[in-house]
Amino acid sequence: MSLGLLPPATALIGCHAERHRLRWESGRLQALDHDDVDGELALSALGGEPTPCAQILANWRKAQDDLRVFVLASRGAADPLTPPAPEQFPPGGMTGPGNFGSLLAAGAPQPAGLFAYAPLRPPAGFSSFAYATSGGGSVGSVEPAPDPLFALLQLPGGLPDRLVATVATTWAQRLADGAAPQSATAALTVALVSRIRLALQGWLGENAATMDVVMLAPGSVPTIERAAGVVRVELPFSWLADVWVPGLTHVLGRFTLASRASEGSIELDTVGTGLDHRPVTIALGDEPAGGSDVLRPEP
Amino acid sequence: MSVTPSAFIDPELYLRLEGERTLLAAERTQPNGVLGAIGSALVAVGILPLGVASVIADDYALASELRPGGHPGFPFRGLRQASLPAVTAPMPPVVASCERVDPHTDGNIPYAVLDDSSTELAVTYDGSQDWQVVAQRFPNPAGFPQSLQMTDDTGQSLPAHFSGGGGGNGGWAGRFETQAPLSQHTRWLELGGMRLNLTRTSPPPVRVEQLDATSPAADFLRHRAASDDHVPPPDADPVVAALLATGALGVDDPVLVELGHFAGSAQFHPAISLPFSGLGRGPIGTVMLGAATPLLEGNAAVVYALTSAPDGFRVDTFEVGGGSSGHFGLQDVDPTPAFAWRARDDRGGSYRGRWQGWSGALHGRRGDVHFTPPLDPDARSLLLTPTARISRAVIEITLPKWSTEQ
């Protein structure tokens, strides 16, 4: 899947007493208010303190193929993370390694399904900061930890989900290229299986005990069937990148087994709750700003 | 790759799936030790590297912290993750009995431990609850009860801080300990100005015995049942399920029947399944020990003194090594077997020990192992056997002819 299909996301963070923008677009994270982040990082390697923006970018780059992201990050809307408490990030910048100063969401509209939490309303100012948890869980504080991933996954503005998207896409490509080491197999399998199970649980209303999920080799044809009361699903890891990441898991009340992006459209192989197959095509508008996307179920 | 255990499942995959199950369970409100227990078992039986299991357990603990209802990690986790020096076998300590100088009968200072890093005096008290009254026992009570000055025969004097606790009936027991050593050759110590003449005794001999090994999984489960009071029955035990699913344990392994029989009683071990003795009251008194075991499968113990009481006896112990999995409710992966504490006497009686009232350190724990039933007053020797998975230490203790005054 092209990461370009995901909408851009922007977060405001406190950086040396200023509010700076971090913007993710088409698979890249950029610090919009810094002219030369790489230069800053080179200087910090010589002993200087990196700016919060530069530190986040450095941590992000290291995390782009980190399998631990799959363990720590949300598995979907049914698995919300606790948002950071605003008092944990006092304005004025970074307080230590892994802390990002104050964080404010200024994200683009976020597709439903994937995202663990989203602002209740567009932030009216730097002082407002509210989150809703999709699972109805309480909003609480989380102690900062020195683990850089912990802090990356608490960034606002949809950036954590963009990080998961990046990691999923990276490993889907490595598997397709035969470049994934055997040592990654268990982590990749569990990353896929857990997310499929959660998606199917919500859709079918069945528990994990009645599901048998199998990770197929790259390029294999996905299948789903029910036998002896057990739903057996077989999917390649690329399902994460192609279906789950762009929020196509459920379309028109159907479960998506596979998707294929082509010029101007996305073709989906979906099944209904009776496990009947039906293709669905999403026609993409030409102009992202003004065009509209059209869902076109096919008979 | 199928995650259905149609055949044996890969150990790493199993541990990760268990992590998912616990993380996404609706009732997840507290960190628990299930993942640590399973990881410890898979590492102990040799089918999963310790580094892999530790990373998985740590990551799922961190994932839990990121979710509503998750709890910030205890500081112990950060400490554990720090680079720790390797565990080495401890040296036998110098333990000396103290001549009773306190004319009162409501307190006792039975022995001193003269270590190369500290000096300590064990104390017990079962009298007035008025600290002012208790302080009058000492010529120089400054600092009491938090601390008292301790002095040796070279004139060196250091503050000794109290650690310990109270009993249910108002009495208390513990030790006053300096933070640097006084002379290990001193003939006496003064505590708060009260002089205690010291008498050194020879430490008991210590030897090591190998146990009959069966299979790594069976040895692991037997030892676990012997050292842990809270092992569930096999059909509800996530560790047994993990060993079966990964092929480390056969479904027809006889250990499963044995564990089912002994589940909950925690009395099982092939080398220590002796009949329990003991009815009636144990003698009162203290036996100096001052012995140390060698490292047994990563664990070792120092025993300072045995104190017998009517309802049982306790051994002042420092157990060093791993085996702390689950002690703080964390998901630590630690395959080192904590000792199962047992003893048997020369009259056929056997005793089971349990840790009580200990304080933890990164490398181990110090406190009392309480043994029941009460010590047979007619026994003249006792074999104290801290037992690991496939080996045990045997500490040969000569018991005194106890006073009949109780």
Side-chain angles (χ1 to χ4, degrees), chain A residues 66-76 78-84 116-117 133 135-147 149-150 153-154 160 182-198 201 207-208 211-217 230 232 234 237, chain B residues 1-29 31 35 39 42 47-49 51-75 77-79 81-82 241 245-246 331:
Chain A
D66 192 337
L67 290 168
R68 297 176 61 236
V69 167
F70 291 130
V71 178
L72 302 182
S74 168
R75 276 83 172 140
D79 175 36
L81 303 192
T82 305
Y117 56 84
T133 54
S138 60
V139 175
S141 65
V142 175
E143 291 291 324
D147 191 323
L149 274 188
F150 192 102
L153 292 170
Q154 294 208 306
Q182 185 65 29
S183 59
T185 302
L188 293 170
T189 302
V190 173
L192 174 70
V193 165
S194 184
R195 285 162 175 81
I196 291 174
R197 278 188 168 162
L198 217 53
Q201 271 180 281
N207 61 41
M211 282 183 259
D212 185 9
V213 184
V214 177
M215 187 169 95
L216 296 174
V230 174
R232 182 177 175 86
E234 299 185 349
F237 181 83
Chain B
M1 173 184 293
S2 172
V3 298
T4 305
S6 53
F8 297 131
I9 193 167
D10 172 72
E12 180 187 346
L13 184 58
Y14 188 94
L15 190 60
R16 288 185 179 279
L17 288 171
E18 186 65 20
E20 293 292 319
R21 192 190 65 75
T22 56
L23 182 70
L24 301 176
E27 68 274 16
R28 177 185 55 80
T29 55
L35 211 56
L42 298 177
I47 59 174
L48 187 65
V52 173
S54 295
V55 165
I56 293 170
D58 285 351
D59 281 349
Y60 278 98
L62 191 57
S64 177
E65 291 175 29
L66 278 163
R67 283 154 172 81
H71 293 255
F74 288 89
R77 195 180 64 175
L79 292 172
Q81 288 173 333
T246 54
Q331 299 189 344

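Below, chains carry the letters A, B, ... as their sequence lines are ordered, and counting in each starts from 1. These numbers were taken from a predicted model, which means no experiment stands behind them.
Between A/Pro80 and B/Pro68, the shortest heavy-atom distance links the atoms O-CD, 3.2 Å. Minimum heavy-atom separation, A/Ser194 to B/Leu24: OG-CD1, 3.4 Å. The two atoms that bring A/Asp147 and B/Leu62 nearest to each other are OD2-CD2, 3.3 Å, heavy atoms only. In plain terms, the two heavy atoms of B/Asp10 and A/Ala186 that are nearest each other are OD2-CB, 4.1 Å.
Side chain of B/Arg16 to main chain of A/Ala191: no donor-acceptor pair is present (N/O by atom type, distance under 3.5 Å, no hydrogens or angles).
With sequence neighbours excluded, no residue satisfies salt bridge (Lys or Arg N to Asp or Glu O under 4.0 Å) with A/Arg195. Partners of B/Thr246 according to the side chain to side chain donor-acceptor pair (under 3.5 Å) rule, which considers only residues two or more places apart in sequence or in another chain, do not exist here.
The structure places CZ of B/Arg67 at 5.0 Å from CG of A/Leu81, a figure rounded to the nearest 0.5 Å.
Contacts of B/Glu12 with chain A are made by both backbone and side-chain atoms, with heavy-atom separations under 4.5 Å. With a 4.5 angstrom heavy-atom cutoff, A/Ala73 touches chain B only via backbone atoms.
For the side chain to side chain contact (heavy atoms under 4.5 Å, CB included) test with A/Val71, the passing option among B/Ile56, B/Asp59, B/Asp58 is B/Asp59; the others fail.
Using a 4.5 Å heavy-atom cutoff, the side chains of B/Glu20 and A/Val193 are not in contact. Between A/Leu72 and B/Leu66 the shortest side-chain heavy-atom distance falls below 4.5 Å.
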